[in-house]
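What follows is a short report on a single structure.
Naming: A, B, ... by sequence-line order, numbering from 1 per chain.
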There are 6 protein chains.
Amino acid sequence: MPNVVIDFLEGRTVEQKREMVKRVTQAISETLNCKPDAVQIIMHEISTEQIAHGGILRCDK
Amino acid sequence: MPNVVIDFLEGRTVEQKREMVKRVTQAISETLNCKPDAVQIIMHEISTEQIAHGGILRCDK
Amino acid sequence: MPNVVIDFLEGRTVEQKREMVKRVTQAISETLNCKPDAVQIIMHEISTEQIAHGGILRCDK
Amino acid sequence: MPNVVIDFLEGRTVEQKREMVKRVTQAISETLNCKPDAVQIIMHEISTEQIAHGGILRCDK
Amino acid sequence: MPNVVIDFLEGRTVEQKREMVKRVTQAISETLNCKPDAVQIIMHEISTEQIAHGGILRCDK
Amino acid sequence: MPNVVIDFLEGRTVEQKREMVKRVTQAISETLNCKPDAVQIIMHEISTEQIAHGGILRCDK
């Protein structure tokens with residue numbers, strides 16, 4: 001705790017995720033005043049068929 | 001915002017999802033009084049090994 | 001199952017939620033081809049301090 | 001309801017999930033005082049690229 | 001990790017939650033074969049206005 | 001999208017949340033290569049009765 005769940009579109013590289021979790025953890029740790037080790041991040045990778053805005057699937061835009 | 005996450009069993013067609021997000025967005029927009037563009041829907045597709053009711057996996061029913 | 005979680009800004013009336021869950025359930029039931037009784041909806045009501053877009057809290061916009 | 005979502009690392013057998021949902025349902029039913037049939041469990045299986053603690057991906061540890 | 005989120009109706013005592021997390025943690029630890037310390041449980045307490053089945057709010061049943 | 005949900009212990013100030021969402025949004029935007037405006041963050045504030053590790057409620061530690 002803090003516990004973070006991030007849903008984003010699939011297609012990112014491991015290197016992008018590696019950098020992302022490092023920086024998000026640092027941002028949360030410094031602003032919410034907790035140890036980096038306390039921050040857990042779970043990522044759900046979503047296809048363009050699994051996300052919609054305004055009633056339209058991303059794969060149809 | 002509003003932000004919607006729907007978990008359902010895998011096996012639906014894109015056409016079903018397309019119609020579903022259109023109608024759910026319209027229902028939320030009209031009843032909660034917000035713009036359709038503000039409604040985001042994320043879908044997680046679950047296998048019958050990943051859902052249980054009453055302590056029994058769906059794949060065992 | 002299907003299982004729906006909706007996060008939206010607090011301030012809606014019970015009547016709005018009542019109408020919303022009725023219509024969302026109908027929309028999901030008819031498009032994903034399942035019984036209305038199978039649809040579960042959980043609502044989380046969020047304050048304007050608890051949501052941000054583009055890095056800015058809603059209460060600051 | 002109660003509604004349970006469990007994220008865990010992929011690689012467990014169906015037998016492990018079968019036993020887990022049986023026992024978690026029993027534990028919740030007996031302590032929160034509700035019928036086992038009311039307990040729904042959804043499992044999300046996560047790869048070691050999709051989870052981080054302390055800013056480091058599990059696959060890098 | 002494993003990471004557990006449980007939504008249930010408000011009104012349970014601390015004693016019920018204390019017993020519940022103890023037993024759920026034990027159940028997960030023994031069946032998924034992980035250390036109890038690795039199991040995190042977050043509880044969201046929901047009012048009867050915030051949950052619906054079959055398109056009907058719990059507070060209307 | 002990306003869509004972020006953060007559960008953390010209640011008791012942070014608005015100023016802490018303001019700074020946190022600014023920095024997390026920047027971190028995600030720069031590493032996942034998306035526009036800041038596409039990043040949505042929802043915060044759930046949890047009491048020490050609503051979180052457990054290792055089978056023990058935070059309020060009991």
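- In terms of modelled atom types and a separation under 3.5 Å, the side chain of Glu19(D) and the main chain of Gln16(D) share no donor-acceptor contact.
- Interface remark: Ile46(B) contributes side-chain atoms only to the contact with chain D (heavy atom separation under 4.5 Å).
- Between Thr31(B) and Asn33(B) the shortest side-chain heavy-atom distance does not fall below 4.5 Å.
- A donor-acceptor distance shorter than 3.5 angstrom exists from the side chain of Ser29(D) to the backbone of Cys34(D), with no hydrogens or angles considered.
- Looking at Gln26(D), there are no atoms closer than 4.5 Å to chain B (heavy atoms on both sides), in backbone or side chain.
- With a 4.5 angstrom heavy-atom cutoff, Val14(D) touches chain B via backbone and side-chain atoms both.
- A salt bridge is defined here as a Lys NZ or Arg NE, NH1 or NH2 lying under 4.0 Å from an Asp or Glu carboxylate O, and Glu45(D) with Lys17(D) meets this definition.
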